[in-house]
Amino acid sequence: MKKKGDVYYLYKRTSKRVPGKKYPQPVDTYIGVITPEGVIESNRKKVSLTGIEVKEYGFSKAIQILCPDEWKAPLGDEWEDILSIIIAKRSPETYLRKEKEIRQEEEFHCQFAAQTGMLSRRIYKKHGIGLEDLEPLKNIYLIYLEKEKVISRISDTQKQLLDQLGICDALCC
């Protein structure tokens, strides 16, 4: 039991062995608040903060979804790798770096500046929006929590942009 101000908190105390320490180290597990009526147990799920990774998701995923077939076709089987490189250059913290190995630019025989410009023009022609207009989506993150993936909160402005493009459902709004 611990007291902070006028409130008492109930903990379960155990111990565990820690390499390099002579004696077992105490470990407190929070149970709840002590009130005159009894203990009010905490129903909150504890999430370990170790091993969490946060990657940019919205901008990268939007470009993947909006990428027109007219841009993909001339690149053949390499279009996905080339698109990943283009995305990673514009958004270095892209989730794509976590999901798959992004090949090096030097492995391809293409001009990436020209391909980026062509991609932007094709997306604009098909959807009425350029790559630079998708910049606000860079603040939509994919959060890796051990074995789970969670998408960060999407602002009203971002949701409006995603709705305008018809890709809100694809980004899990």
Side-chain angles (χ1 to χ4, degrees), residues 1-67 80-81 83-104 120 123 127-173:
M1 179 170 54
K2 294 180 184 177
K3 181 181 179 187
K4 290 183 185 172
D6 293 336
V7 181
Y8 289 91
Y9 298 93
L10 184 62
Y11 290 83
K12 178 176 97 176
R13 176 158 277 190
T14 57
S15 62
K16 71 175 185 176
R17 287 267 175 210
V18 176
K21 299 279 185 175
K22 244 182 179 178
Y23 301 100
Q25 300 301 300
V27 176
D28 289 338
T29 305
Y30 177 68
I31 296 174
V33 177
I34 301 172
T35 67
E37 292 79 34
V39 176
I40 300 173
E41 290 187 35
S42 170
N43 58 359
R44 285 194 237 168
K45 182 181 172 187
K46 298 238 179 185
V47 177
S48 171
L49 296 179
T50 57
I52 290 179
E53 285 189 69
V54 178
K55 298 291 181 182
E56 179 278 316
Y57 178 72
F59 177 81
S60 300
K61 189 68 174 177
I63 292 175
Q64 286 179 303
I65 294 167
L66 298 174
C67 184
E80 267 186 293
D81 290 324
L83 182 63
S84 294
I85 291 169
I86 290 170
I87 291 170
K89 287 176 96 171
R90 296 200 68 150
S91 182
E93 293 301 315
T94 179
Y95 81 102
L96 295 173
R97 290 190 189 278
K98 171 105 173 128
E99 301 280 322
K100 68 178 197 162
E101 181 76 27
I102 296 180
R103 293 168 53 194
Q104 297 297 312
S120 186
I123 289 175
H127 302 283
I129 197 161
L131 293 181
E132 59 283 344
D133 299 319
L134 299 173
E135 292 285 323
L137 301 179
K138 284 186 178 179
N139 293 330
I140 299 173
Y141 301 102
L142 186 59
I143 303 157
Y144 296 87
L145 302 166
E146 293 178 4
K147 295 176 184 161
E148 292 182 60
K149 295 180 197 175
V150 180
I151 297 174
S152 68
R153 183 171 290 134
I154 297 173
S155 73
D156 291 340
T157 306
Q158 291 166 329
K159 186 164 180 4
Q160 212 171 23
L161 177 58
L162 295 170
D163 281 337
Q164 174 190 339
L165 295 168
I167 60 173
C168 196
D169 290 339
L171 254 89
C172 304
C173 292

Mind checking side chain to side chain contact (heavy atoms under 4.5 Å, CB included) for [X] and listing every partner two or more places apart, or none if nothing turns up?
X      : answer
Glu37  : Thr35
Asp133 : Ile129
Ser155 : Thr157, Gln158

Q: Give the intermediate values and the outcome of side chain to side chain contact (heavy atoms under 4.5 Å, CB included) for residues Leu162 and Ile140.
A: CA-CA 11 Å; Leu162 295 170; Ile140 299 173; 4.1 Å; yes
**Q.** Pairwise side-chain hydrogen bond (donor to acceptor under 3.5 Å, both in side chains) hits with a residue in residues 10-23, at least two apart
**A.**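 Non-adjacent pairs meeting side-chain hydrogen bond (donor to acceptor under 3.5 Å, both in side chains): Arg13-Asp28.
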Q. Which side-chain hydrogen bond (donor to acceptor under 3.5 Å, both in side chains) pairs, counting each pair once, include a residue from residues 87-99, with sequence neighbours left out?
A.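 Output for this query lists Glu53-Lys98, Glu56-Ser91, Ser60-Thr94, Gln64-Tyr95, Lys89-Glu105, Glu99-Tyr144, Glu99-Lys149.
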Q: List the steps and the verdict of side chain to side chain contact (heavy atoms under 4.5 Å, CB included) for Lys100 and Asp81.
A: CA-CA 10 Å; Lys100 68 178 197 162; Asp81 290 324; 4.0 Å; yes
Atom pair [atom1] ([X]) and [atom2] ([Y]), whose distance is rounded to the nearest 0.5 Å:
X      : Y      : atom1 : atom2 : result
Ile40  : Tyr9   : CD1   : OH    : 11.0 Å
Lys61  : Ile167 : NZ    : CD1   : 10.0 Å
Ile34  : Lys2   : CD1   : NZ    : 12.0 Å
Ile102 : Ile85  : CD1   : CD1   : 7.5 Å
Leu131 : Ile63  : CG    : CD1   : 5.0 Å
Tyr57  : Asn139 : OH    : CG    : 15.5 Å

Q) More than 12 foreign heavy atoms under 6.0 Å from CD of Gln25: is that the case here? A)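 For Gln25, atom CD is crowded (more than 12 foreign heavy atoms under 6.0 Å).
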Q) More than 12 non-hydrogen atoms from neighbouring residues, nucleotides or ligands closer than 6.0 Å to CD on Glu132, yes or no? A)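 Yes, CD of Glu132 has more than 12 neighbouring heavy atoms, counting only those of other groups under 6.0 Å.
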Partners of [X] by side chain to side chain donor-acceptor pair (under 3.5 Å), sequence neighbours excluded?
X      : value
Glu135 : Lys138
Ser120 : none
Ser152 : none

Q | Stepwise side chain to side chain contact (heavy atoms under 4.5 Å, CB included) test for Ile143 and Ile151 | A | CA-CA 6 Å; Ile143 303 157; Ile151 297 174; over 6 Å; no
Q) Under the criterion side-chain contact (heavy atoms from CB on, under 4.5 Å), which of Leu145, Ile52, Val54 is the partner of Val150? A)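 That would be Leu145; it is the only one of Leu145, Ile52, Val54 passing the side-chain contact (heavy atoms from CB on, under 4.5 Å) with Val150.
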Q) Does any non-hydrogen side-chain atom of Leu134 lie less than 4.5 Å from one of Leu66? A)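 Touching, per the 4.5 Å side-chain cut-off.
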